[in-house]
2 protein chains.
Amino acid sequence: MTSNKIREIALSHFAKNGYEGASLADISAEVGIKKQSIYNHFKGKDELFLTVFRDAAEREMQFTESYLLSGSKPLLKDLLYNFLHSYSKRYEQEDDTRFFLRMAFFPPVHLRGEVVEYSNKHLDTIGKLLEQHFVTAAHAGTIHPEVTAATASAAFIAVLDGMFVELLYGNMESAALRLNASWLVYWRGIRNN
Amino acid sequence: MTSNKIREIALSHFAKNGYEGASLADISAEVGIKKQSIYNHFKGKDELFLTVFRDAAEREMQFTESYLLSGSKPLLKDLLYNFLHSYSKRYEQEDDTRFFLRMAFFPPVHLRGEVVEYSNKHLDTIGKLLEQHFVTAAHAGTIHPEVTAATASAAFIAVLDGMFVELLYGNMESAALRLNASWLVYWRGIRNN
DNA sequence: AATAAACTGACGAACGTTCGTAAGGGAGGA
DNA sequence: TCCTCCCTTACGAACGTTCGTCAGTTTATT
C-alpha cells in the first residue's frame, strides 16, 4: 500500500528534519512517486502530518500500556528498571519515539494545539499507570516512608526524560552510562533500606 | 546599534520557530527594516545564525562557570540545589537558554557540525566543573561510598536535563514540582547517612 | 466500463539572496 | 565654511529556487 509507505517515510523525515524542514518533494522522491501524487492519499501536508502523528502517539501509548498494565505484578525495582531499558531500546529502533518526542517538544506552530493535546494524554497515562505501582509499593513498604508515591513517580518520569535527552542529544552508549548512574541514585533514593 | 537589535530578535525567532521556521522577513520586520538590509550586517542567514548561536553558547558557558567556579566553597547540597533553581529561573527569563537548548537538540542539518561542537564543549565544561565538587565531597565523606563522584555527577546532569525537558514541555509550575521531587530523591540517593 | 492512483504541467507565495542606488555622516583639504 | 570623497546603512526591484497546492490526463486494476 502506497499510503502506508508515504506514512512511514514521512514520519522518518519529520523526525529527522522537523515539520518545516521536511518537504513533500523529498518524501515523495523517497517513496518513488511525484509529490503531487501524495494528494491522492492526503488532503495536504497538514493532514499527512497529523495522521502520522496520531498513529505514532497511539503506538507510543500502546507500548506504555502493554508494559505498565502487565497483569503479572513484578517487583517494582524490576518493573522500573526494565521499563527504562525497554524504552531506550525502543527509542533506538523505532522512528516513532524519536518523531513523537521531537514533535512534543517543538510542534509546528499552527498545529500546536492538537499536538500538545495528544502529548499530554500520553504523559498523563504514564503518570497514572506508574502511580498505581508506586502506591502498591508504598503500602508494601518497598519505598521509604519519606518518599511519597507521587514524588517517586514524578522523579521517575524525570529520569525517563533525562534518558530521552541523552538519547536525542548523545548516543546509545552515553545514554546507557547516564541511565546506569541515574538509576543507581534513583533507586537508592526511594528504596526502604 | 542595529546589528545588535537584529541579533536579539533573530535569537528569539530561532528559539521560538527553529532555524527553518524563522524567516529573515519576519525578523527584519520586527527590527523595523527590510530583509535586504540584514545583508549589510551579516553575509546571510547562516552567518547570522552562527553569530547568534556562538554568542548564546558563550553566555551559557559564562553563567555556568560563574556559578560552579565560585571561589567560596559552599556545601555541596546548597551548591547543587541553588544551581538547579538558578538555571530554571534563567531558562524562564533568558531566551538564550531556550535557544541554545533547542538548537543543541535539533540543529539545522547543514550546520550540525559546528553546533554540536559548541554544545559538547558546554556540556564537558559543566561536567568537569561539577566533578571537582563531587570529588571534594567524596573525600569529605559527604557522599555515600557506594556512589562514585562520576556517578553522582552524571546523575545530577540527568536531573538538570529532566528539568529542562519539563521547562520546555510544561511550564514553570510543573517544572518546579518535578524539580522538588527529583531533588529529594537525588539527594537521598547520594548523601552519606 | 469504472475506479483508483499515478502522471504532466502549471500556479501563487514565500524563501534567501543579489543588484544598483540614495540618504546620511565624518574626515580632510581648499 | 564649503566642497568632496568615502563609508555605512537603508531601500526598491528583481533574481532563481523551493514550497505546497490544484487541475487535467493517462495508466493500470478489477
Side-chain angles (χ1 to χ4, degrees), chain A residues 1-56 95 99 102-103 106-115, chain B residues 1-56 95 99 102-103 106-115:
Chain A
M1 199 70 160
T2 311
S3 182
N4 291 334
K5 199 172 178 186
I6 296 176
R7 273 199 252 255
E8 280 178 32
I9 294 175
L11 185 141
S12 78
H13 280 240
F14 284 134
K16 198 170 291 173
N17 306 316
Y19 179 86
E20 285 90 2
S23 79
L24 296 186
D26 289 348
I27 294 172
S28 61
E30 193 175 329
V31 174
I33 59 174
K34 302 294 171 186
K35 63 173 177 174
Q36 302 94 317
S37 301
I38 294 184
Y39 286 78
N40 291 322
H41 305 273
F42 303 94
K43 285 185 183 175
K45 192 181 186 181
D46 284 0
E47 191 189 88
L48 171 59
F49 172 81
L50 285 176
T51 302
V52 161
F53 180 75
R54 277 191 282 257
D55 286 358
D95 282 334
F99 167 72
R102 171 162 198 169
M103 290 311 142
F106 303 120
V109 211
H110 63 292
L111 301 177
R112 187 188 162 85
E114 194 133 1
V115 169
Chain B
M1 199 69 158
T2 311
S3 182
N4 291 336
K5 199 172 176 186
I6 296 176
R7 273 199 252 256
E8 282 178 31
I9 293 175
L11 185 141
S12 78
H13 279 239
F14 283 135
K16 198 169 293 175
N17 306 316
Y19 179 86
E20 285 89 3
S23 79
L24 296 186
D26 289 348
I27 294 171
S28 61
E30 193 175 329
V31 174
I33 60 176
K34 302 295 172 185
K35 62 174 176 176
Q36 309 94 295
S37 302
I38 292 183
Y39 287 78
N40 289 320
H41 304 273
F42 303 93
K43 286 185 181 175
K45 192 181 186 182
D46 285 359
E47 191 189 88
L48 171 58
F49 172 81
L50 284 176
T51 303
V52 161
F53 180 76
R54 276 191 282 257
D55 286 359
D95 282 336
F99 167 71
R102 171 163 199 167
M103 290 311 142
F106 304 119
V109 210
H110 64 292
L111 300 176
R112 188 187 161 85
E114 194 134 1
V115 169

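We name chains A, B, ... by the order of the sequence lines, and we start the count at 1 in each one.
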Engineer: May I ask you to check if A/Arg102 and B/Phe106 form a cation-pi contact, with NZ or CZ under 6.0 angstrom from the six-membered ring centre and within 45° of the axis?
Structural biologist: yes

Engineer: Quick one: A/Ile27 CD1 to D/dT18 C1', roughly how many Å, whole number?
Structural biologist: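 About 14 Å, once rounded to whole Å.
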
Engineer: To the nearest Å, give me how far apart CZ (B/Phe42) and C1' (C/dG16) are.
Structural biologist: 16 Å

Engineer: Grab the CD1-P distance between B/Ile38 and D/dC11 for me, whole Å please.
Structural biologist: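 Taking CD1 of B/Ile38 and P of D/dC11, I get 11 Å after rounding.
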
Engineer: List the atom of A/His41, the atom of A/Ile6, and the distance in Å for their closest heavy-atom pair.
Structural biologist: CD2-CD1, 3.7 Å

Engineer: Starting at the 5' end of DNA chain D, which residue's closest nucleotide do you reach first, A/Gly21 or A/Lys43?
Structural biologist: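 On the 5' side of the pair lies A/Gly21.
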
Engineer: Could you state the atom-to-atom distance from CG of A/Leu24 to P of D/dT21 in whole Å?
Structural biologist: 7 Å

Engineer: Once you round it to whole Å, what is the distance between P of D/dC19 and CD of B/Glu20?
Structural biologist: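 Going from B/Glu20 (CD) to D/dC19 (P), I get 11 Å.
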
Engineer: From NZ of B/Lys5 over to C1' of D/dA10, roughly how many Å is that when rounded to an integer?
Structural biologist: 14 Å

Engineer: On the six-membered ring of A/Tyr19, is A/Lys45 placed so that its NZ or CZ lies under 6.0 angstrom from the centre and within 45° of the ring axis?
Structural biologist: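 Verdict for A/Tyr19: a cation-pi partner in A/Lys45.
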
Engineer: Does A/Arg112 reach the main-chain N or O of A/Pro107 with its side chain, forming a donor-acceptor pair under 3.5 Å?
Structural biologist: no

Engineer: Give the rounded distance in Å between these two atoms: NZ of A/Lys45 and P of D/dC22.
Structural biologist: 15 Å

Engineer: Show me the donor-acceptor pairs within less than 3.5 Å that the side chains of residues 21-30 of chain A make with the rest of the protein, sequence neighbours left out.
Structural biologist:
unit_1: A/Ser23; atom_1: OG; unit_2: A/Asp26; atom_2: N; d: 3.1
unit_1: A/Ser23; atom_1: OG; unit_2: A/Asp26; atom_2: OD2; d: 3.3
unit_1: A/Ser28; atom_1: OG; unit_2: A/Leu24; atom_2: O; d: 2.9
unit_1: A/Ser28; atom_1: OG; unit_2: A/Ala25; atom_2: O; d: 3.0
unit_1: A/Ser28; atom_1: OG; unit_2: A/Lys35; atom_2: N; d: 3.2
unit_1: A/Glu30; atom_1: OE1; unit_2: A/His13; atom_2: NE2; d: 2.7

Engineer: Is the shortest side-chain heavy-atom distance between B/Ser3 and B/Lys5 below 4.5 Å?
Structural biologist: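 Contact flag for B/Ser3/B/Lys5 side chains = no.
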
Engineer: Could you encode protein contacts along nucleotides 1-9 of chain C as a string, one character per nucleotide from 5' to 3', using B for base contact, S for sugar-phosphate-only contact and - for no contact, with a heavy-atom cut-off of under 4.0 Å?
Structural biologist: ----SBBBB

